[in-house]
Chemist: 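I have a structure I would like to understand better, so I am pasting it below and will then ask my questions one at a time.
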Amino acid sequence: MSDSSSGRPLPEITAVSQPFWEAAASGKLVMQRCDHCRTITWPPRPSCVECGSPEIRWTAFSGRGNVYSFTVIRQAVGGLDAKAFEPEIPYTVLWVDLEDGPRFLSNMVDCPLDAIEIGMPVEIVFREASHGIWLPKFRPSER
Ligand SMILES: [Zn+2]
């Protein structure tokens, strides 16, 4: 599925990932934590990535973290999906180390490109794409 106005691809929402997207639409970050070994499984899967247990529970996370790494996209390279992001150029793709979760791939919002630094504190925000889908993004945080 894609956003009919921008042509950008949208996440495929499955029975397994649906709880994540429902929480995102209400501004909350949830991920699966294993009842058996406590490992966090991300992205969503039907069983624990560490021990294989199907007993994994959706758990709320703070959405706070620090920038691990980032890059600034200044040119659309690739097929139609990449071209659909051209109006956003320049934009940032970053890895965030969540304070209570795994490393998370996303984009920075509400921040000038030259203000982004490795290690800077950030917090998750959700922005509506379309079709009721809210995408996780990060913005600078005062901590
Ligand atoms: Zn496990």
Side-chain angles (χ1 to χ4, degrees), residues 1-85 88-113 115-143:
M1 179 167 54
S2 66
D3 183 320
S4 53
S5 61
S6 71
R8 292 183 200 137
L10 292 171
E12 181 184 350
I13 298 177
T14 66
V16 171
S17 68
Q18 188 171 4
F20 172 83
W21 297 109
E22 288 176 353
S26 62
K28 296 184 175 80
L29 174 63
V30 296
M31 289 183 274
Q32 298 164 302
R33 185 188 300 274
C34 180
D35 284 349
H36 180 68
C37 74
R38 309 299 296 159
T39 296
I40 298 165
T41 292
W42 178 256
R45 296 184 186 207
S47 59
C48 175
V49 291
E50 182 65 28
C51 73
S53 171
E55 294 170 8
I56 49 179
R57 187 184 315 272
W58 289 100
T59 306
F61 287 81
S62 71
R64 291 188 299 269
N66 297 82
V67 174
Y68 170 77
S69 186
F70 69 96
T71 188
V72 177
I73 307 299
R74 299 180 189 279
Q75 183 177 2
V77 178
L80 290 177
D81 286 352
K83 293 289 183 196
F85 290 92
E88 299 298 315
I89 289 173
Y91 65 92
T92 308
V93 175
L94 76 166
W95 284 105
V96 172
D97 281 337
L98 295 172
E99 66 181 17
D100 52 0
R103 191 166 287 161
F104 200 98
L105 183 66
S106 183
N107 308 112
M108 183 73 93
V109 295
D110 303 336
C111 182
L113 294 177
I116 302 171
E117 296 179 353
I118 303 295
M120 74 184 290
V122 292
E123 63 188 8
I124 204 164
V125 292
F126 294 90
R127 296 289 162 84
E128 188 170 21
S130 69
H131 298 82
I133 297 174
W134 291 71
L135 300 176
K137 309 283 185 178
F138 285 86
R139 68 182 176 202
S141 168
E142 300 294 325
R143 279 186 285 125

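Ligands are counted one by one from 1 in listed order, and the atoms in each one are counted from 1 as well. Along the sequence shown, the residues carry numbers beginning at 1.
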Chemist: The test is side chain to side chain contact (heavy atoms under 4.5 Å, CB included); show your working for Asn107 and Arg127 and say whether it passes.
Modeler: CA-CA 11 Å; Asn107 308 112; Arg127 296 289 162 84; over 6 Å; no
Chemist: Holding to salt bridge (Lys or Arg N to Asp or Glu O under 4.0 Å), I want the full list of residues that pass it with Arg57, two or more places apart in sequence or in another chain.
Modeler: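 Partners of Arg57 by the salt bridge (Lys or Arg N to Asp or Glu O under 4.0 Å) criterion, ordered by chain and then number, come out as Asp35.
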Chemist: Can Phe61 and Arg33 be said to form a side chain to side chain contact (heavy atoms under 4.5 Å, CB included), step by step?
Modeler: CA-CA 10 Å; Phe61 287 81; Arg33 185 188 300 274; 3.6 Å; yes
Chemist: Identify the two heavy atoms, one from Cys51 and one from His36, that lie closest to each other, and give their separation to 0.1 Å.
Modeler: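 Heavy-atom minimum between the residues: SG-CD2, 3.7 Å.
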Chemist: To check you understand the geometry: which heavy-atom pair defines the closest contact between Lys83 and Gly78, and what is its length?
Modeler: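 Heavy atoms of Lys83 and Gly78 come nearest at CE-O, 4.4 Å.
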Chemist: With under 30° as parallel and over 60° as perpendicular, where do the rings of Trp42 and Phe20 fit, or are they tilted in between?
Modeler: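 Tilted: the ring planes of Trp42 and Phe20 meet at 30° to 60°.
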Chemist: Just to be careful: counting only protein atoms that are N, O or S, how many fall under 2.8 Å of the Zn ion (ligand 1)?
Modeler: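 Near the Zn ion (ligand 1), the number of protein N, O or S atoms below 2.8 Å is 4.
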